[in-house]
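Remarks on the structure that follows.
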Amino acid sequence: MTETPTLVWLRDDLRVGDNPALHAAVERGHPIVVFYLHDDESEGLRAIGGASAWWLHHSLAALADELESRGSTLVLRRGAAEKELPRLVKETGASAVYWNRRYGGASREIDARIKASLRDDEVEAHSFHANLLHEPWTVQTGDGRPFRVFTPFWKASLAKDDPREPYPAPKKIDGGTAPASDSLDDWGLLPTAPDWAGGLRETWTPGEEGAWKQLDAFIDDSLEDYESHRDEPAVDATSRLSPRLRWGELSPFQIWHHVRARATTAAQKKNASAFLREVGWRDFNYNILFHFPDLASKNFRPSFDVFPWEKPKKRELEAWQEGRTGIPLVDAGMRELWHTGVMHNRIRMVTASFLIKNLLIDWRVGEEWFWDCLVDADEANNPANWQWVAGSGADAAPYFRIFNPVLQADKFDKSRRYQSKWIPELGTDDYPEPIVDLKKSRQEALDAYEVVKREGNG
Ligand code: FAD
């Protein structure tokens, strides 16, 4: 008798290593259908941005190769999960569906409904813990509430059992008879007219193999000095693993254990803790998202609802987006973002602060732009960090801390290497004059904040 297959539904976990859903499916022993569903129809799911779509395309292509080399095929389908998944179950006669958990509000509701309806139909449905070091509902304050401040959150996380060891990638996957698949090229995830992705191609090799190379190179070359150089955008001091985590090409468990195992010198060990603490911020932001699903649209602190944002200022907004504000550190960052799909963390803070505080443009407008341009844009970290800069978020920087981009450059880009790399015309007549007076706009921001202090409640 042929055995009914197990479906493994991949989402934010585009990897064969340390993939609990895939691992459990292999243990089950039935043939396995691995599939990715491009769901751009379900209500409430946020459509991915342009740079993310580019990444997704290439990461899926790499994953398809990984699976093929193990005897399996990646099946691609498009449409609303609650329609397409039952269809595929029927088509394949699957008796079980396994997936790794996701944490956005709408996705959790979709997954819960799917799980219930599969079980009603007597199809096994299991979800697994794969993409955060600790599940959000397991790290709580002493009286059982979610943490709103990072340091005690991280202390509580560290006090828990060490994150589990990663699962090895299966050597062979019995793919059985694969059902029909869409062609990746037909999904139109890559930009064509115009093709703006040249900088992304130059910068990245999406997929698990590229991710591991990057992790090892970071440990070998940069970990030892991570803390002392992580704020300097001209130095290759950070891991640049954020898109790997976003798309799940690496799991936080793999990073956790690999970094700790390979950090052997005293300096590496000390820096490993500092680095893993940053990975902890990712867990923290997902915790916030889990408890506050409207993170991208609503102020986490409702007192900010009365903030007098200026009406959209097209000219200023476009200058910011295109890196033509006349403020070199801001422009360098915005150009780095456009070219590479990422921006150094320090400069993300500076550019976001400039938009929010010197231009008085609502943080949601900036968040949208980053969402479209970042290859690591994710539902938790992007809005949580924007709200952090705005002062409206959890454990946020106080609103009155307004980064001065000139002083920030003096401090973190002393040699001006970063600025001149991204702005070749700096110092010539081709570079624009500043679009705002930093001092005056700073005062205007502080005046606007008075409204929150005076009228905001909550
Ligand atoms: P490393 O310093 O090597 O850190 C290792 C990992 O820790 C990162 O890959 C990331 O997963 C995590 N991490 C580090 N800093 C943060 C942080 N502040 N918050 C959450 N996780 C962190 N990060 C995203 O992954 N996606 C986003 O959409 C995103 N949007 C941001 C928007 C703004 C306005 C700001 C200020 C920050 C944003 N960040 C975002 C956080 C941070 O800038 C990036 O994670 C970091 O720059 C990635 O570089 P790295 O991998 O070299 O970091």
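Every number for a ligand or one of its atoms is a count from 1 in the order of the listing.
For atom 9 (O) of ligand 1, the candidate residues are A237, S239, G280, S242; the nearest heavy-atom contact is made by S242.
Shown in contact with L241 at under 4.0 Å from a heavy atom are these atoms of ligand 1, numbered in order with element: 9 (O), 51 (O). Close contacts between ligand 1 and D378 involve ligand atoms 25 (O), 26 (N), 28 (O) [criterion: under 4.0 Å to a heavy atom].
The protein non-hydrogen atom at the shortest distance from atom 23 (N) of ligand 1 is N381 CB, 3.7 Å. Looking only at heavy atoms of the protein, atom 32 (C) of ligand 1 is closest to N382 OD1, 3.4 Å. With respect to atom 11 (O) of ligand 1, the closest heavy atom belonging to the protein is L245 CD1, 3.3 Å. Among all protein heavy atoms, the one lying closest to atom 21 (N) of ligand 1 is R282 N, 3.6 Å. Of all protein heavy atoms, the one lying nearest to atom 29 (C) of ligand 1 is R348 NH1, 3.3 Å. Residue, atom and distance of the protein heavy atom nearest to atom 33 (C) of ligand 1 are N385 CB, 3.4 Å. Atom 43 (O) of ligand 1 has its closest protein heavy atom at N345 OD1, 2.7 Å. At the top of the distance list for atom 12 (C) of ligand 1, counting protein heavy atoms only, stands E278 O, 3.4 Å.
Contacts between T351 and ligand 1 below 4.0 angstrom, taking non-hydrogen atoms only, are absent altogether. Neither the backbone nor the side chain of V342 has any atom closer than 4.0 Å to an atom of ligand 1 (non-hydrogen atoms only). Residue-level proximity to ligand 1 for Y226 is carried by the side chain, the only part with a heavy atom below 4.0 angstrom. At a heavy-atom cutoff of 4.0 Å, ligand 1 is contacted by no atom of W388, backbone or side chain.
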Derivation and outcome, side-chain contact (heavy atoms from CB on, under 4.5 Å), residues Q254 and W212 = CA-CA 10 Å; Q254 291 172 316; W212 277 100; 3.6 Å; yes
request  = Could you walk me through whether K357 and E310 pass salt bridge (charged side-chain N to carboxylate O under 4.0 Å, His left out), step by step?
outcome  = CA-CA 11 Å; K357 297 177 186 176; E310 302 229 332; over 6 Å; no
request  = Evaluate the side chain to side chain donor-acceptor pair (under 3.5 Å) criterion for residues H344 and E232: first the C-alpha distance (whole Å), next the side-chain angles of each, then the deciding distance (0.1 Å), finally the verdict.
outcome  = CA-CA 8 Å; H344 188 276; E232 295 167 47; over 6 Å; no
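Residue contacts with ligand 1 do not include R246, since none of its heavy atoms lies under 4.0 Å from the ligand. Under a 4.0 Å heavy-atom criterion, R230 is not in contact with ligand 1.
The two residues L329 and A409 come nearest to each other via the heavy atoms CD2-N, 3.7 Å.
Between D111 and R11 there is a salt bridge, since at least one side-chain N of the basic residue sits less than 4.0 Å from a carboxylate O of the acidic one. Here E249 pairs with R244 in a salt bridge; the nearest charged N to carboxylate O distance falls below 4.0 Å.
For Y98 and F128, the gap between ring centers is short of 6.0 Å. Aromatic pair Y167/F253: ring centres not closer than 6.0 Å.
For the residue pair N271 and E224, no side-chain donor N or O sits within less than 3.5 Å of a side-chain acceptor on the partner. Side chains of D195 and T192: a donor-acceptor N/O pair is absent below 3.5 angstrom, by distance only.
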